[in-house]
Q: 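Supplied in structure tokens, the structure appears directly below.
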Protein chains: 2
Amino acid sequence: MESRIERLCVEKGLKMTGQRRVIALVLSEADDHPDVEELYRRASRRDAHISIATVYRTVRLLEEKGILEKRDFGGGRARYEPTGEDHASHHHLIDVDSGKVVEFANSDHERLVRAIAERLGFDLVSHRLELFGRRREQPRRDRGALPDSEPAPLGANP
Amino acid sequence: MESRIERLCVEKGLKMTGQRRVIALVLSEADDHPDVEELYRRASRRDAHISIATVYRTVRLLEEKGILEKRDFGGGRARYEPTGEDHASHHHLIDVDSGKVVEFANSDHERLVRAIAERLGFDLVSHRLELFGRRREQPRRDRGALPDSEPAPLGANP
DNA sequence: CTAAGTGCAAAGAATTTGCAAAACG
DNA sequence: CGTTTTGCAAATTCTTTGCACTTAG
């Protein structure tokens, strides 16, 4: 069967090679923000006949087609995530201790940035917002040392 | 005499070499967001005995000391700007047509992002906001092609 | 078939680093 | 004087590309 990203590729009229299908599948399954190296690793697990050059070429292509979005969270390498199914833009909060990324959307914020751009004499084309934060001290909740654990992604709208 | 950045370096106990003094001066004069290549160019104009490796090392050092801030506006290279004298954070609007950068600050925005982080269970450590926009159609104002020149920074607070 | 995609290894671009010489404090 | 810093060139890291070979449509 056909992964979500593969379907989008077909819609855009892209030639579907074996390697593209695998990369599309890996991307469809990802709910994080892998870099090219990581995509290559995941794809290779599925099919060893994929070179990293092809991964680079494919993500670039899919980005041009609007199927993927490139992110830069620092650390030198570009990271990718599928463009949201909903068209609502979302942003990222990076936990400075664990490096984990939480996504959120906020309509007040969308409104505000649009207004700011306008005040400066510009039409807003796009924008990006990244928050860097530290998990808030919990009021009462006993546990030992708190290593890396899974954060709960959620919306932040009123 | 001593440039602003040089003074900050001394305060931080950094050894002031000739090349650091020049780089500090160049940074003190800059009111834009030069990349390393550009800093090297400006510094070389003042003193030819500076290598680009030293500029890279210096900029990294000053960033660690909190004297400089690294920015990434896309385009592959890191850009730098002195940490603001006031502690108010400011952000950037990048003109997608000309590449020009306009700075702005907005207290509503600061409040909002703090609230968003809190709602997600985090204390906000820092954040960055970048707007990409296109100059709004002016009612009437003729001009030819507009190459890279200095944009007019301004505040956007109510 | 034939234009488009792939692998490989080499090329690029940005940044870092090892080492001997030079300079700050 | 002993660190620290610098220059230079070589090394790293991430990404792109040229070219001969495959393949989807």
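Letters A, B, ... mirror the listed sequences (proteins, then strands); counts begin at 1.
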Q: Can you tell me the distance, in whole Å, between the NE2 atom of B/His49 and the P atom of C/dC24?
A: 13 Å

Q: Within the 3.5 Å criterion, strictly below it, is a donor on A/Glu38 or A/His33 matched to an acceptor on the partner's side chain?
A: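 Side chains of A/Glu38 and A/His33: no pair found under 3.5 Å.
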
Q: Closest approach to the side chain of B/Arg20, judged atom by atom: which nucleotide of D/dT5, C/dG7, D/dC8 is it?
A: D/dT5

Q: Does the pair B/Glu29/B/Arg46 count as a salt bridge with the N-to-O cut at 4.0 Å?
A: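 So B/Glu29 pairs with B/Arg46 through a salt bridge.
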
Q: What integer distance in Å separates B/Ile23:CD1 from D/dT6:P?
A: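 Taking CD1 of B/Ile23 and P of D/dT6, I get 7 Å after rounding.
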
Q: Among C/dA14, D/dT5, C/dT17, which nucleotide has an atom closest to any side-chain atom of B/Tyr56?
A: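 Ranking C/dA14, D/dT5, C/dT17 by closest atom to the B/Tyr56 side chain puts C/dA14 first.
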
Q: Determine whether a donor-acceptor pair (N or O, by modelled atom type, separation under 3.5 Å) exists between the side chain of B/Thr54 and the backbone of B/Ile50.
A: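 Not a single qualifying donor-acceptor pair exists.
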
Q: Nearest whole angstrom, please: distance from the C1' of D/dT15 to the CZ of A/Arg77.
A: 12 Å

Q: Any carboxylate oxygen within less than 4.0 angstrom of a Lys/Arg side-chain nitrogen, looking at B/Arg4 and B/Asp31?
A: no

Q: State whether the number of non-hydrogen atoms from other residues, nucleotides or ligands found under 6.0 Å of B/Arg21 atom CZ is greater than 12.
A: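 Enclosed.
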
Q: Tell me the interatomic distance from A/Tyr40, atom OH, to D/dT15, atom P, rounded to whole angstroms.
A: 15 Å

Q: Considering only NZ, NE, NH1 and NH2 on the basic side and carboxylate oxygens on the acidic side, decide whether B/Glu69 and B/Arg71 come within less than 4.0 Å.
A: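 A salt bridge links B/Glu69 with B/Arg71.
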
Q: Give the rounded distance in Å between these two atoms: CD of A/Glu38 and P of D/dT15.
A: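 These atoms are roughly 14 Å apart.
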
Q: Quick one: label A/Ile50 by what it contacts on the DNA or RNA (base, sugar-phosphate, nothing), any heavy atom closer than 4.0 Å.
A: sugar-phosphate

Q: Please give the angle, rounded to 10 degrees, between the axes at the start and the end of the helix from C/dC1-D/dG25 to C/dG25-D/dC1, where five pairs define each axis.
A: 40°

Q: For nucleotides 20-25 of chain D, just jot down a letter per nucleotide in 5' to 3' order: B, S or -, based on protein non-hydrogen atoms under 4.0 Å.
A: ---BBS

Q: Taking CG from A/Leu39 and P from D/dC14, how many angstroms apart are they, rounded to a whole number?
A: 14 Å

Q: Pick the nucleotide of DNA chain C nearest each of A/Thr54 and B/Gln19; which residue has the one closer to the 5' end?
A: A/Thr54

Q: How many whole angstroms separate atom NZ of B/Lys12 from atom C1' of C/dG25?
A: 20 Å

Q: Applying a 4.0 Å non-hydrogen cut-off, can you work out what B/Arg60 is touching in the nucleic acid: base, sugar-phosphate, or nothing?
A: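 Contact class for B/Arg60: sugar-phosphate only.
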
Q: Would you please test A/Glu37 and A/Arg42 for salt bridge (charged side-chain N to carboxylate O under 4.0 Å, His left out) and show each step?
A: CA-CA 9 Å; A/Glu37 203 79 43; A/Arg42 295 181 193 177; over 6 Å; no

Q: May I ask you to decide whether B/Lys100 forms a salt bridge with B/Asp95, counting only side-chain N to carboxylate O separations under 4.0 Å?
A: no

Q: Hey, which sits more toward the 5' end of DNA chain D by its nearest nucleotide, B/Leu61 or B/Ala53?
A: B/Leu61

Q: Rounded to whole Å, how long is the line connecting atom CD1 of B/Ile52 with atom P of D/dG7?
A: 12 Å

Q: How about B/His109 and B/His127: are their ring centres within less than 6.0 Å of each other?
A: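 Yes, the ring of B/His109 comes within the 6.0 Å limit of the ring of B/His127, centre to centre.
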
